[in-house]
Amino acid sequence: MSYLLDANVFMSAKNLHYGLDFCPAFWDWLAHKGNTGAVLSIDKVADEIEAGQDELSDWARNHGQALFQRTPPTLATQFIQVSAWATGQQYTPAAINTFLQAADFYLLAHSLASNHVVVTHEVPSNSLARIKIPNVCVGLGVRFMTPYQMLRIERARFVLGAHA
């Protein structure tokens, strides 16, 4: 099983539970899992992170090379699937337009192409004003979970060493 991480996984980790300054083990784990291909993200997520111009963008640039995959031109079929699903729902034109230009659109196409599990903090919503990743996942039969579920399944452990 491989996991495909949404931008909010990185940003929430940095801002909340796994700050780069006090929980480096989380970031080391991500880099290690990225090198093995078990945890991935995409270039469009890297672009969102880079726009922050902070310690997270520095980390992604220095340690995330294996994590962030380029979007290949071979995803045309998956882009059509995701687009057709989004436009076939009752979302507002603004919601559809925003979604089709966002990293989430690309993330879901990647997931469909390679059968990745999407990892996000987003939760399903009945709002027609914004397309949420879990709604698309349900609609397209893509598996999704929270970062905490992924960490538990992968049995990640961030244990203090003798120098704590």
Side-chain angles (χ1 to χ4, degrees), residues 1-72 75 78 82 98-99 101-127 129-164:
M1 177 173 1
S2 57
Y3 304 95
L4 194 61
L5 279 55
D6 183 15
N8 67 27
V9 173
F10 297 97
M11 293 172 185
S12 292
K14 176 196 71 108
N15 293 328
L16 299 171
H17 309 299
Y18 305 113
L20 287 144
D21 57 338
F22 65 83
C23 192
F26 174 80
W27 303 97
D28 292 345
W29 184 86
L30 279 181
H32 169 72
K33 288 295 187 173
N35 288 330
T36 67
V39 173
L40 321 159
S41 195
I42 61 169
D43 50 359
K44 298 292 183 184
V45 167
D47 292 346
E48 285 186 14
I49 290 170
E50 184 60 37
Q53 296 184 347
D54 58 9
E55 65 269 17
L56 179 56
S57 58
D58 293 343
W59 178 86
R61 222 175 301 107
N62 296 326
H63 300 96
Q65 295 85 356
L67 275 171
F68 300 103
Q69 304 213 327
R70 295 214 173 278
T71 300
L75 293 186
Q78 290 78 18
V82 177
T98 299
F99 174 74
Q101 295 179 36
D104 296 356
F105 175 61
Y106 290 82
L107 199 71
L108 286 150
H110 275 265
S111 182
L112 277 173
S114 301
N115 202 28
H116 300 300
V117 177
V118 176
V119 179
T120 183
H121 282 291
E122 286 187 13
V123 295
S125 170
N126 292 326
S127 171
R130 182 157 181 251
I131 300 176
K132 298 285 204 154
I133 289 174
N135 294 75
V136 184
C137 287
V138 169
L140 294 174
V142 172
R143 192 165 167 212
F144 69 97
M145 65 181 57
T146 69
Y148 308 110
Q149 290 169 312
M150 174 191 67
L151 291 169
R152 284 191 175 96
I153 290 168
E154 290 299 307
R155 297 185 177 177
R157 295 193 32 112
F158 310 129
V159 180
L160 289 175
H163 303 292

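When side chains are defined from C-beta on, M150 counts as touching V39, because their heavy atoms get closer than 4.5 Å. No side-chain heavy atom of V136 sits under 4.5 Å from any side-chain heavy atom of F144.
The shortest non-hydrogen separation linking S2 to G37 is CB-O, 3.9 Å. The minimum heavy-atom distance between V142 and S111, with the atom names listed, is CG1-OG, 3.1 Å. Minimum interatomic distance between S125 and K132 (heavy atoms only, all atoms of both residues): CB-CG, 3.8 Å. Of all heavy-atom pairs spanning V9 and P147, the tightest one is CG2-CG, 3.7 Å. Nearest approach of A113 to L75, heavy atoms of both residues: CB-CD2, 3.2 Å. Across every non-hydrogen atom of G34 and A66, the tightest pair is O-CB, 3.6 Å.
Of the possible donor and acceptor atoms, one in the side chain of S41 sits under 3.5 Å from a partner among the backbone N and O of L5. Side-chain N or O atoms of S127 include one that pairs as donor or acceptor with a backbone N or O of A129 at under 3.5 Å. The closest donor-acceptor contact from the side chain of D54 to the backbone of S57 lies under 3.5 Å. The closest donor-acceptor contact from the side chain of Q78 to the backbone of L112 lies at 3.5 Å or more, if one exists at all.
In this structure, the side-chain hydrogen bond (donor to acceptor under 3.5 Å, both in side chains) partners of K33, at least two apart in sequence or on a different chain, are E154.
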Pair Y106-D43, side-chain contact (heavy atoms from CB on, under 4.5 Å): steps then yes or no: CA-CA 9 Å; Y106 290 82; D43 50 359; 5.6 Å; no
Stepwise, does the side-chain contact (heavy atoms from CB on, under 4.5 Å) test hold for R157 with W29? CA-CA 9 Å; R157 295 193 32 112; W29 184 86; over 6 Å; no
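Put simply, CE on M11 and CG on L16 are 12.5 Å apart, with the number rounded to the nearest 0.5 Å. Here the straight-line distance linking atom CH2 of W59 with atom CG of L20 works out to 8.0 Å at 0.5 Å rounding. Here the CG-CG distance, from L140 to N135, works out to 11.0 Å after rounding to the nearest 0.5 Å. Atoms CZ and OG1, from R152 and T146 in turn, are 7.5 Å apart once rounded to the nearest 0.5 Å. For the atom pair OH (Y3) and CZ (R143), the distance works out to 7.0 Å, reported to the nearest 0.5 Å. Here the CG atom belonging to D58 is positioned 10.0 Å from the NE2 atom belonging to H63, to the nearest 0.5 angstrom.
Within 6.0 Å of the CG atom in N115, the count of heavy atoms belonging to other residues, nucleotides or ligands does not exceed 12.
In this structure, H121 has its ring center under 6.0 Å from that of Y148.
By the 30° and 60° cut-offs, the orientation of the rings of F26 relative to Y18 is parallel. Ring orientation note: the planes of F10 and F68 are tilted relative to one another, at an angle of 30° to 60°.
Under the 3.5 Å distance criterion, with hydrogens and angles disregarded, a donor-acceptor pair is assigned to the side chains of T71 and H110. In this structure, a donor-acceptor pair under 3.5 Å is present between the side chains of T120 and N8.
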